[in-house]
Amino acid sequence: MDRDWMKLPHAEPGNRIGIFGGSFNPPHSGHRLVASTVLKRLGLDQVWWLVTPGNPLKSHADLAPLERRLRLTADLADHPRMKVTAFEQVLGTPYTARTLVALRQMRPSVRFVWVMGADNLAGFHRWQDWRDIVGSVPIAIVDRPGASLSVMSSPMAKAYEKYRLPEEDAALLPEMEAPIWTFLHTPLDRTSSTDLRLGQKR
């Protein structure tokens with residue numbers, strides 16, 4: 001396995017960096033759209049694709065080996081300001097809250113933003129220490145097919161409604177103190193990892 005994938009990518013003090021975590025099983029054009037959207041709309045210096053060992057809330061029965069997912073993600077995230085890392089494997093945790101604590105300790109001068117597709121929002125309150133995540137870094141949520149309503153109805157969106165930053169002010173997000181989040185609308189890409197895996201089985 002490429003040793004660089006086990007390291008944190010380089011960042012300069014003051015950089016605005018989006019952390020885009022997922023199992024990417026497999027990565028697809030919808031993921032690329034999320035990463036491209038936050039890179040542009042939030043004025044980020046980089047987006048780090050954090051390829052996780054495995055989602056604790058999902059079955060690992062269909063989970064491709066980490067190295068394969070890293071290679072596919074690196075092929076997809078072919079952009080000078082997009083970096084791929086499997087740093088959670090080094091940390092030995094699949095939990096976002098712990099990962100963010102470690103990242104902020106290791107790179108205290110970097111402005112991190114947690115990035116996720118809106119399809120994760122409905123179940124976000126089931127993530128371990130989810131309120132700690134919301135309280136630690138700004139969050140950017142990018143629209144995904146069938147997920148628009150979750151921004152109104154999910155427990156996270158309801159609990160932190162008053163901390164929602166208007167979409168037109170999204171470029172301010174990386175410089176703001178948590179809890180703060182925004183929802184970004186974008187043209188929808190209906191590609192999904194689940195459908196791709198089912199297609200591979202047929």
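Quantities reported herein were computed from a predicted structural model and do not represent experimental measurements.
Proximity of a side-chain donor or acceptor of Asp78 to a complementary backbone N or O of Asp75 within less than 3.5 Å is not detected. Judged purely by atom type and a 3.5 angstrom limit, Arg144 has no side-chain atom pairing as donor or acceptor with the backbone of Leu188. In this structure, the side chain of Asp143 does not engage the main chain of Leu184 through any donor-acceptor pair within 3.5 Å. Side chain of Lys83 to main chain of Pro80: a donor-acceptor pair is present (N/O by atom type, distance under 3.5 Å, no hydrogens or angles). Using modelled atom types, one side-chain atom of Arg16 and one backbone atom of Gly43 make a donor-acceptor pair closer than 3.5 Å. Side-chain atoms of Arg69 come within 3.5 Å of backbone atoms of Ser23 as a donor-acceptor pair (strictly under, hydrogens ignored). Between the side chain of Thr85 and the backbone N or O of Lys7, at least one donor-acceptor pair lies under 3.5 Å.
Other residues, nucleotides and ligands contribute more than 12 heavy atoms inside 6.0 Å of the OH atom of Tyr160.
For Trp49 and Phe24, the distance between ring centers is under 6.0 angstrom. Not less than 6.0 angstrom separates the ring centroid of Phe20 from the ring centroid of Trp114.
Pairing each heavy atom of Trp48 with each of Arg107, the nearest pair is CH2-NH1, 3.5 Å. Of all heavy-atom pairs spanning Arg164 and Phe183, the tightest one is NH2-CB, 3.6 Å. Across all their heavy atoms, Ser154 and Ala122 have their closest contact at CB-CA, 4.0 Å. Thr182 approaches Leu165 most closely through the heavy-atom pair OG1-O, 2.8 Å. The two residues Leu33 and Pro187 make their nearest non-hydrogen contact at CD2-O, 2.9 Å. Closest heavy-atom contact between Ala171 and Pro174: O-CD, 3.5 Å.
In this structure, Val51 and Val84 have side chains that are in contact, with non-hydrogen atoms separated by less than 4.5 Å. Contact annotation: the side chain of His79 approaches that of Leu39 to within less than 4.5 Å [non-hydrogen atoms, C-beta and beyond]. Counting heavy atoms from C-beta outward, Ile133 and Gln128 have side chains that stay 4.5 Å or more apart. Met6 is not listed as a side-chain neighbour of Phe87, based on a closest heavy-atom distance of 4.5 Å or more. Inter-residue side-chain proximity for Gln46 and Met82 is flagged as unmet; no heavy-atom pair is nearer than 4.5 Å. Under the 4.5 Å side-chain criterion, counting only non-hydrogen atoms from C-beta, Ile17 is not in contact with Leu44. Side-chain contact between Ile139 and Val113 is absent, with no heavy atoms from C-beta onward closer than 4.5 Å. Counting only heavy atoms from C-beta outward, the side chains of Leu121 and Met116 approach each other to under 4.5 Å.
Side-chain heavy atoms closer than 4.5 Å link hydrophobic residues (I, L, V, M, F, W, Y) into clusters, and following such links, possibly through other members, connects Tyr163 to Val137. In terms of hydrophobic clustering, with Ile, Leu, Val, Met, Phe, Trp and Tyr side chains grouped at heavy-atom distances under 4.5 Å, Tyr95 and Val134 are assigned to different clusters. Under a hydrophobic clustering in which Ile, Leu, Val, Met, Phe, Trp and Tyr are joined whenever their side-chain heavy atoms come within less than 4.5 Å, directly or via other members, Leu91 and Trp127 fall into the same cluster.
Between Arg98 and Glu88 there is no salt bridge, since none of the side-chain N atoms of the basic residue sits less than 4.0 Å from a carboxylate O of the acidic one. The pair Arg111-Glu177 counts as a salt bridge, with a side-chain nitrogen and a carboxylate oxygen less than 4.0 angstrom apart.
Between the CZ atom of Arg68 and the CG atom of Leu70 there is a distance of 12.0 Å, given to the nearest 0.5 Å. For the atom pair CD1 (Ile180) and NZ (Lys162), the distance works out to 11.5 Å, reported to the nearest 0.5 Å. In this structure, CH2 in Trp5 is found 4.0 Å from CZ in Arg71, a value given to the nearest 0.5 Å.
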